[in-house]
Asks: 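Got a structure for you, written out below as structure tokens; questions coming shortly.
All values below were derived from every heavy atom in this structure, side-chain atoms included, with hydrogens, water molecules and symmetry-related copies excluded.
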Amino acid sequence: MMAESPQPPALISSVTVYSLAACAAQLLLGYCLARRLGSKCSATDRWVLVWLFYDAIVHFTLEGPFVYFSLTGTVASSDNILASLWKEYGKADTRWLHSDPTIVSLEILTVVLDGLLALLLIYAIIKDKYYRHFIQITLCVCELYGGWMTFCPDLLIGSPSLNTSNWLYLWVYLVFFNGIWVLIPGLLLWQSWLELKGMHSNKRGAGKKSR
């Protein structure tokens with residue numbers, strides 16, 4: 001009799017569930033912080049704060065450890081519980097497993113610059129600071145640049161690192177979890193555009209009335 005071929009590993013494992021649950025918990029924490037600290041803000045700005053708190057939490061508690069794992073070894077060789085989350089994502093993009101120089105360079109910038117900008121923008125929104133939209137535009141451009149540089153170099157050489165063989169890796173890990181860092185910064189840039197346009201119109205209107 002022919003030996004039975006080994007069954008392929010299950011697509012959704014306990015690590016998959018743990019990883020997605022961890023992301024949901026980060027979002028819930030961001031929501032709670034926004035509700036508590038942004039109680040005096042407008043409804044729109046409270047939702048912006050939900051995103052910014054979530055953004056900062058991800059940068060510091062998820063991408064920060066990734067940078068540490070990558071600078072002291074690799075995600076693939078680490079047995080840390082947070083490394084298991086990155087190993088799960090690494091099934092969709094193997095560059096995150098083996099300390100790819102481009103990815104690590106971007107993540108260092110993301111953790112340090114984007115994380116701090118997110119915290120500064122949170123403060124600017126809550127305290128209604130004049131520099132709010134300058135910081136918001138800067139942060140959004142940084143996030144969009146990070147997304148572009150994460151995927152463009154790999155796409156130009158035929159995407160050898162990406163695994164798009166099933167719906168989980170393609171639509172959840174690659175499209176959804178990266179797409180929200182394109183969609184929401186894009187919407188916030190549009191918000192800043194409208195706010196700056198409104199301020200300019202008001203200034204011009206006040207100037208005409210004073211003549």
Side-chain angles (χ1 to χ4, degrees), residues 9 11-30 33 50-122 138-157 159-164 166 168-185:
L11 179 61
I12 299 178
S13 65
S14 59
V15 177
T16 308
V17 175
Y18 148 73
S19 301
L20 295 175
C23 293
Q26 290 174 322
L27 180 59
L28 178 61
L29 178 57
L33 289 171
V50 171
W51 165 253
L52 292 173
F53 276 116
Y54 174 68
D55 188 42
I57 290 167
V58 169
H59 290 332
F60 291 126
T61 68
L62 192 56
E63 292 172 307
F66 168 80
V67 170
Y68 173 78
F69 300 145
S70 299
L71 294 179
T72 58
T74 65
V75 165
S77 63
S78 175
D79 58 1
N80 188 283
I81 189 171
L82 288 176
S84 64
L85 191 153
W86 284 110
K87 289 176 184 178
E88 178 65 21
Y89 181 78
K91 295 176 181 177
D93 189 342
T94 58
R95 293 173 298 168
W96 298 81
L97 298 175
H98 306 294
S99 302
D100 178 86
T102 300
I103 295 296
V104 176
S105 299
L106 284 170
E107 286 301 310
I108 293 172
L109 189 65
T110 297
V111 173
V112 176
L113 181 60
D114 293 4
L116 293 177
L117 283 173
L119 293 180
L120 182 58
L121 182 53
I122 288 169
T138 304
L139 174 60
C140 291
V141 171
C142 288
E143 301 278 19
L144 292 172
Y145 173 78
W148 174 263
M149 288 305 298
T150 295
F151 288 102
C152 186
D154 202 60
L155 291 172
L156 290 175
I157 57 174
S159 307
S161 304
L162 304 184
N163 179 1
T164 60
N166 60 72
L168 179 64
Y169 300 163
L170 173 60
W171 295 108
V172 179
Y173 292 174
L174 294 175
V175 175
F176 177 74
F177 279 112
N178 290 284
I180 56 175
W181 264 273
V182 174
L183 175 62
I184 297 181

Asks: Specify the closest pair of heavy atoms between Leu116 and Phe60, including all atoms of both residues, with the distance to one decimal.
Replies: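 Looking at all heavy atoms of both residues, the closest pair is N-CZ, 3.9 Å.
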Asks: Kindly assign one of parallel, tilted or perpendicular to the pair Trp96 and Tyr89, based on the angle between their ring planes and the thresholds 30° and 60°.
Replies: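 Geometry flag for Tyr89 against Trp96: perpendicular rings.
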Asks: Determine whether Ser78 and Trp86 make a side-chain contact, defined as any pair of heavy atoms from C-beta on separated by less than 4.5 Å.
Replies: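 Counting from C-beta outward, Ser78 and Trp86 never come under 4.5 Å.
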Asks: Has the side chain of Lys87 got a donor or acceptor atom that lies under 3.5 Å from a matching backbone atom of Asp79?
Replies: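 Such a contact is absent between Lys87 side chain and Asp79 backbone.
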Asks: Considering non-hydrogen atoms only, spot the tightest contact between Phe69 and Ala83 and give its length.
Replies: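 Heavy atoms only, the tightest pair is CE1-N, 3.6 Å.
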Asks: Among Ile103, Ile108, Leu82, which residue meets the side-chain contact (heavy atoms from CB on, under 4.5 Å) test with Phe66?
Replies: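 Single side-chain contact (heavy atoms from CB on, under 4.5 Å) partner of Phe66 among Ile103, Ile108, Leu82: Ile103.
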Asks: Nearest heavy-atom pair of Asn166 and Leu168: which atoms, and what distance?
Replies: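 Looking at all heavy atoms of both residues, the shortest contact is OD1-N, 3.1 Å.
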Asks: I'd like to know if the side chain of Ser70 and the backbone of Val75 have a donor-acceptor N/O pair within less than 3.5 Å.
Replies: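 Not at all, since once roles are kept as given, no pair shorter than 3.5 Å links the two residues.
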Asks: Looking at Tyr145, I want to see if its OH is surrounded by more than 12 non-hydrogen atoms of other residues, nucleotides or ligands under 6.0 Å.
Replies: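 No, OH of Tyr145 has 12 or fewer neighbouring heavy atoms, counting only those of other groups under 6.0 Å.
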Asks: Decide yes or no for Cys23 and Leu27: does some side-chain heavy atom of the first lie under 4.5 Å from some side-chain heavy atom of the second?
Replies: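 Answer no - side chains too far apart.
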Asks: Does a donor on one side chain and an acceptor on the other come within less than 3.5 Å for Thr61 and Gln26?
Replies: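 The answer is yes; a qualifying pair exists.
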Asks: Rounded to the nearest 0.5 Å, how far apart are CG of Leu33 and CD1 of Ile122?
Replies: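 Spacing of CG (Leu33) from CD1 (Ile122) equals 8.0 Å.
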Asks: Rounded to the nearest 0.5 Å, how far does NE2 of His59 lie from OH of Tyr54?
Replies: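 Spacing of OH (Tyr54) from NE2 (His59) equals 10.0 Å.
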Asks: Classify the side-chain pair Thr16/Ser19 by whether it contains a donor and acceptor separated by less than 3.5 Å.
Replies: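 Checked: Thr16/Ser19 side chains show no N/O donor-acceptor pair below 3.5 Å.
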Asks: Can you confirm whether Tyr68 is buried at OH, in the sense that more than 12 heavy atoms of other residues, nucleotides or ligands lie under 6.0 Å from that atom?
Replies: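 No.
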Asks: For Leu106 and Gly146, work out which heavy atoms get closest and say how close.
Replies: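 Leu106 and Gly146 have their closest heavy atoms at CD1-O, 4.0 Å.
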